[in-house]
Amino acid sequence: MIRVLLVHDECLVRSVLAEWLRREPDLGVYDTPWRSAPGRLRSLLPDVCAADLECADSYGLPPLGELGARSAGRPAPRLLVLATANRPGLLKRAVEAGALGYVDKEGSPEHLVRGIRRVAEGKRFVDDSLGFGFLKAAEMPLTRRELSVLSLAAEGASVAEIAGSLHLSHGTVRNYMAAINRKTGARNRVDAIRISQGEGWL
């Protein structure tokens, strides 16, 4: 039996998807929103964590690092993400978090089942339709930390609020913003946010 934790912030979608997966005799499926995912991981110790990359909390950036933590001496669950090609910034974060599986949310549900089984075996699974998203992710000029700073800025956070959230000094946040403006060719913070959202980095 493959123990699967499904992480999705939309209750209706999560519930329907979990019920659909439970029809598979070799899958033991549990579900949770993002905010409860770390605690559920520690209590369930799943083999695979299947997580939707669209996260309502954390300023739209999913805390993928928390899903890959080891617990009670057991290896970390293998990570599979539900993604779209038009959000290369999130694909890049998933790659950096060590995700093994990438399933296109606009594809067939059977792909999700196939992906879960492949990832449970320690093998990589990538939907072909996400190829363009990965190409765009490879071209992204912003680092993970710069994306975190810019995502907070996009939610209207001040320099002080960004510094507090990311445990940085005010000067470091300003340096990050200057680097972001330079890399994106933006005139200012608002322009950098507009450019990055248009490219699907945020």
Undergrad: Name all residues meeting the salt bridge (Lys or Arg N to Asp or Glu O under 4.0 Å) criterion together with Arg117; count only those two or more places apart in sequence or in a different chain, and write none if there are none.
TA: Glu24, Asp26
Undergrad: Quick check: do Leu90 and Glu54 have side-chain heavy atoms less than 4.5 Å from each other?
TA: yes
Undergrad: Are Val7 and Val4 linked, directly or through other ILVMFWY residues, by side chains that come within less than 4.5 angstrom of each other?
TA: no
Undergrad: Distance check, rounded to the nearest 0.5 Å: Arg93 atom CZ versus Ser148 atom OG?
TA: 4.5 Å
Undergrad: Do you know which two heavy atoms are closest between Gly115 and Leu80, and how far apart they sit?
TA: C-CD1, 3.4 Å
Undergrad: If hydrophobic clusters are built from ILVMFWY residues whose side chains come within less than 4.5 Å, do Val48 and Leu112 share one?
TA: yes
Undergrad: For residues Val113 and Trp20, report the shortest heavy-atom separation together with the two atoms involved.
TA: CG2-CZ3, 3.3 Å
Undergrad: Which residue is it: Asp47, Val29, Leu44? I am looking for the one with a side-chain contact (heavy atoms from CB on, under 4.5 Å) to Leu5.
TA: Leu44
Undergrad: Can you check whether Leu130's main-chain N or O pairs, donor with acceptor, with Asp104's side chain at less than 3.5 Å?
TA: no
Undergrad: What residues form a side chain to side chain contact (heavy atoms under 4.5 Å, CB included) with Val13, not counting sequence neighbours?
TA: His8, Glu10
Undergrad: Kindly give the heavy-atom pair with the smallest separation between Ala51 and Leu79, and that separation in Å.
TA: CB-CD1, 4.4 Å
Undergrad: Using the side-chain hydrogen bond (donor to acceptor under 3.5 Å, both in side chains) criterion, which residues pair with Thr172? Sequence neighbours excluded.
TA: Ser169
Undergrad: Report the residues that fulfil side-chain hydrogen bond (donor to acceptor under 3.5 Å, both in side chains) with Glu106, sequence neighbours left out, ordered by chain and then residue number.
TA: none
Undergrad: As an exercise, state the distance from CG of Leu100 to NZ of Lys123, rounded to the nearest 0.5 Å.
TA: 12.0 Å
Undergrad: From Ile180 CD1 over to Ile195 CD1, what is the distance, rounded to the nearest 0.5 angstrom?
TA: 11.5 Å
Undergrad: Give a yes or no answer on whether the side chain of Arg189 reaches the backbone of Met177 with a donor-acceptor pair at less than 3.5 Å.
TA: no
Undergrad: Could you work out, with side chain to side chain contact (heavy atoms under 4.5 Å, CB included) as the rule, every residue matching Leu135, not counting sequence neighbours?
TA: none
Undergrad: Over all heavy atoms of both residues, which pair between Ala192 and Leu150 is shortest? Give the atoms and the distance, please.
TA: O-CD2, 4.0 Å
Undergrad: Supply the atom-to-atom distance Tyr176 OH to Leu166 CG, rounded to the nearest 0.5 angstrom.
TA: 9.0 Å
Undergrad: Heavy atoms, side chains only, cut-off 4.5 Å: are Thr184 and Trp201 in contact?
TA: yes
Undergrad: Tell me every residue that passes side-chain hydrogen bond (donor to acceptor under 3.5 Å, both in side chains) with Arg118, counting only those two or more places apart in sequence or in another chain.
TA: none
Undergrad: Look up atom SG in Cys49 and atom CG in Leu41, then write down how far apart they are to the nearest 0.5 Å.
TA: 5.0 Å
Undergrad: My understanding is that only residues two or more places apart in sequence, or in another chain, count here; which of them pass salt bridge (Lys or Arg N to Asp or Glu O under 4.0 Å) with Asp31?
TA: Arg14, Arg22
Undergrad: Side chains of Leu21 and Ile116: closer than 4.5 Å at any heavy-atom pair?
TA: yes
Undergrad: Could you note down all residue pairs passing ring-ring contact (aromatic ring centres under 6.0 Å, His included) where residues 102-135 supplies at least one of them, sequence neighbours left out?
TA: Tyr102-Phe134
Undergrad: Donor-acceptor pair, Asn188 side chain versus Val190 backbone, under 3.5 Å?
TA: yes
Undergrad: Less than 4.5 Å apart, side chain to side chain, heavy atoms only: is that true for Tyr30 and Pro46?
TA: no
Undergrad: Please report the shortest heavy-atom distance between Met140 and Gly89, naming the atom on each side.
TA: SD-CA, 3.5 Å
Undergrad: Who are the salt bridge (Lys or Arg N to Asp or Glu O under 4.0 Å) partners of Glu161, not counting sequence neighbours?
TA: none
Undergrad: Could you tell me which non-hydrogen atom of Leu27 sits nearest to which non-hydrogen atom of Met1, and how far apart they are?
TA: C-SD, 3.3 Å
Undergrad: So how far is it from Asp52 CG to Leu17 CG, rounded to the nearest 0.5 Å?
TA: 9.5 Å
Undergrad: Any pair with a residue in residues 163-188 that passes salt bridge (Lys or Arg N to Asp or Glu O under 4.0 Å), sequence neighbours left out, goes on the list, sorted by first then second residue, please.
TA: Glu146-Lys183, Arg187-Asp191
Undergrad: If the condition is salt bridge (Lys or Arg N to Asp or Glu O under 4.0 Å), which residues does Lys136 pass it with, not counting sequence neighbours?
TA: Glu199
Undergrad: Taking only residues two or more places apart in sequence or in another chain, which ones pass side-chain hydrogen bond (donor to acceptor under 3.5 Å, both in side chains) with Asn86?
TA: Thr84
Undergrad: So, Asn181 side chain and Ala186 main chain: donor-acceptor pair closer than 3.5 Å or not?
TA: no
Undergrad: Say whether, by atom type as modelled, one donor and one acceptor occur between the side chain of Ser196 and the main chain of Ile193 under 3.5 angstrom.
TA: no
Undergrad: According to a hydrophobic-cluster definition based on side-chain heavy atoms being under 4.5 Å apart (Ile, Leu, Val, Met, Phe, Trp, Tyr only), do Val119 and Leu53 belong together?
TA: no
